[in-house]
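The structure appears right after this line, and notes come after that.
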Amino acid sequence: MDVQGWLGRGVDAIEDWQAGFGPFEHDPSLRISDEQFASAFGEFTERLRDNYPFFHPSYAGQMLKPPHPAAVVGYLTAMLVNPNNHALDGGPATARMEKEAVAQLAGMFGLATHLGHLTTSGTIANLEALYVARELHPGRGIAYSAEAHYTHSRMCGVLGVEGIPVPADGAGRLDPGALDALLARGTVGTVVATAGTTGLGAIDPVHEVLAVARARGVRVHVDAAYGGFFTLLAGAPGPAGLDEAPWRAIAECDSVVVDPHKHGLQPYGCGAVLFRDPDVGRFYLHDSPYTYFTSDELHLGEISLECSRAGAAAAALWLTFRLLPPTPDGLGRVLAAGRRAAVDWARLISGSGRLELYQPPELDIVCYFPATRPRTLSAIDQASARMLADGMADPARPVYLSTLRIAAADFARRHPGVAADREGARILRSVLMKPEAEGYLGELHSRLERLAGG
Ligand SMILES: Cc1ncc(COP(=O)(O)O)c(C=O)c1O
């Protein structure tokens, strides 16, 4: 895609639309000469160089990558209008695009009915789901796995709801037995299952959580902020295919969150929350004397906690879905490459004398550590930190990783032979969320073996 050319076409399209409204004088207070701009822009672009190369497969660190060029062109073109998707009065075109894109997300999860909208982030999307959980079961707590994203506990605090962590099993998944014991007390109203944990990419057994919860009259919310789009690989043939059971169960859960700004190729500012029962819209009821005046059609602000939201985010997602829809043959192919890279890399690490696999990857997140002598948590912690720093500092062949702090007890469950001489250790974590990771794997692995060699 010729991004530069299409950005120009985007500007042309908006200017053409604007020309239909007749000429007017722009206020001199806003006028800036090209010379003035050139100086500020030079400084600006120079400062932007102080970044990690998220676009490059040598960046195998955190959940970061640039959006697809189609999303960039969609976002910037719509941003020239700057619609606000709070209300149809703020941006009718992009509000309708949002409804269509959200319906595609609901279809991806197999939801027979839905009420949903985009949010600025996964955190706000989860906050909305927990808010509805509180309204439906006032006075009852919200349970989530000890491996769930930290914001669940924080948002329970914000909502004044008791948040209860449930132990995870030896693979970092919520333990349904421990959950059942907790739910038997009758104090929990909603349980959060995570489909793709932030640290390890573990998939909670949503189907088992659902069965346990339903037997106790408890609701289920699925935090699939990171992993949601992997539902496109459920039951797929080949090495990228995932066990269908947890993914198919999402259609029966009460709500689900997915972040298009993670695996949906979007720029930041694009999360989504979906409820299976459209009737929960009643918890959002409010009056807004300044908006909602042009039609009786549903305004997105009537079903969201946030007020202003970028219509450009919806535009970018809609345009991206026109080209790479959330189907196995569309976005599914993008995710499959990263998943295959994770599976292949896990095999290479398992056969390596210099690296050890922390646990087999369930998605595209690979966690591993240097094979140290002595085999102690202290040695692993120090060697991981050294590899992280040395990898970034190498001027010729830099490589960018991230670390994950593991508690000694969790480490011992997977690697009982490692001496627990401290409370825990940092290990290395690589999120292979760019499909280019697959073709770069040989280079990445050889770099890391060299780094691990000291
Ligand atoms: C599972 C999960 N939930 C929630 C979040 C929070 O999402 P956001 O960073 O979009 O607020 C993340 C972020 O990594 C996540 O991985």
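If you read the sequence from its start, that first residue is 1, and numbering goes on from there. When a ligand or atom number is given, it counts from 1 through the structure's own listing order.
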Which of the atoms of ligand 1 are close to [X], meaning less than 4.0 Å from one of its heavy atoms?
X: Tyr226; value: 16 (O)
X: Ala225; value: 2 (C), 3 (N), 4 (C)
X: Thr198; value: 1 (C), 2 (C), 14 (O), 15 (C), 16 (O)
X: Ser121; value: 10 (O), 11 (O)

* With sequence neighbours excluded, what pairs up with Arg333 under the salt bridge (charged side-chain N to carboxylate O under 4.0 Å, His left out) test? ->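 For Arg333, no residue satisfies salt bridge (charged side-chain N to carboxylate O under 4.0 Å, His left out) once neighbours in sequence are set aside.
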
* **All salt bridge (charged side-chain N to carboxylate O under 4.0 Å, His left out) counterparts of Arg397, not counting sequence neighbours** => Glu443

Looking at every non-hydrogen atom in both residues, tell me the closest pair between [X] and [Y] and how far apart they are.
X: Ala95; Y: Asn85; value: N-OD1, 3.5 Å
X: Ser402; Y: Gln62; value: CB-CG, 3.7 Å
X: Glu128; Y: Ile303; value: OE1-O, 4.1 Å

Measure the distance from [atom] to every protein heavy atom, then report the residue, atom name and distance (to 0.1 Å) of the closest one.
atom: atom 11 (O) of ligand 1; answer: Thr123 OG1, 2.5 Å
atom: atom 7 (O) of ligand 1; answer: Lys262 NZ, 3.0 Å
atom: atom 12 (C) of ligand 1; answer: His149 CD2, 3.2 Å
atom: atom 3 (N) of ligand 1; answer: Asp223 OD2, 2.7 Å

* Does at least one non-hydrogen atom of Gly196 fall below 4.0 angstrom from an atom of ligand 1? -> yes

* Asked: Can a non-hydrogen atom of His261 be found less than 4.0 Å from any atom of ligand 1?
  -> yes

* Should Asp259 be counted as touching ligand 1, given the test is an N or O pair under 3.5 Å? -> yes

* Test of proximity, Met63 against ligand 1: N or O pairs below 3.5 Å -> no

* To do: Please determine if Arg216 and Asp180 form a salt bridge, counting it only when a charged side-chain N lies under 4.0 Å from a carboxylate O.
  => yes

* His286 vs His86 aromatic rings, parallel, tilted or perpendicular, using cut-offs 30° and 60°? -> tilted

* Asked: Which bit of Asn126 gets closer than 4.0 Å to ligand 1, counting heavy atoms only: side chain, backbone, both or neither?
  ->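 The answer is the side chain of Asn126.
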
* Can you tell if the side chain of Thr77 reaches within under 4.5 Å of the side chain of Trp6, non-hydrogen atoms only? ->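 The answer is no; the side chains never approach within 4.5 Å.
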
* Asked: Would you call Thr197 and Arg173 a side-chain contact if the rule is heavy atoms closer than 4.5 Å?
  ->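 Result no, sub-4.5 Å side-chain heavy-atom pair not found.
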
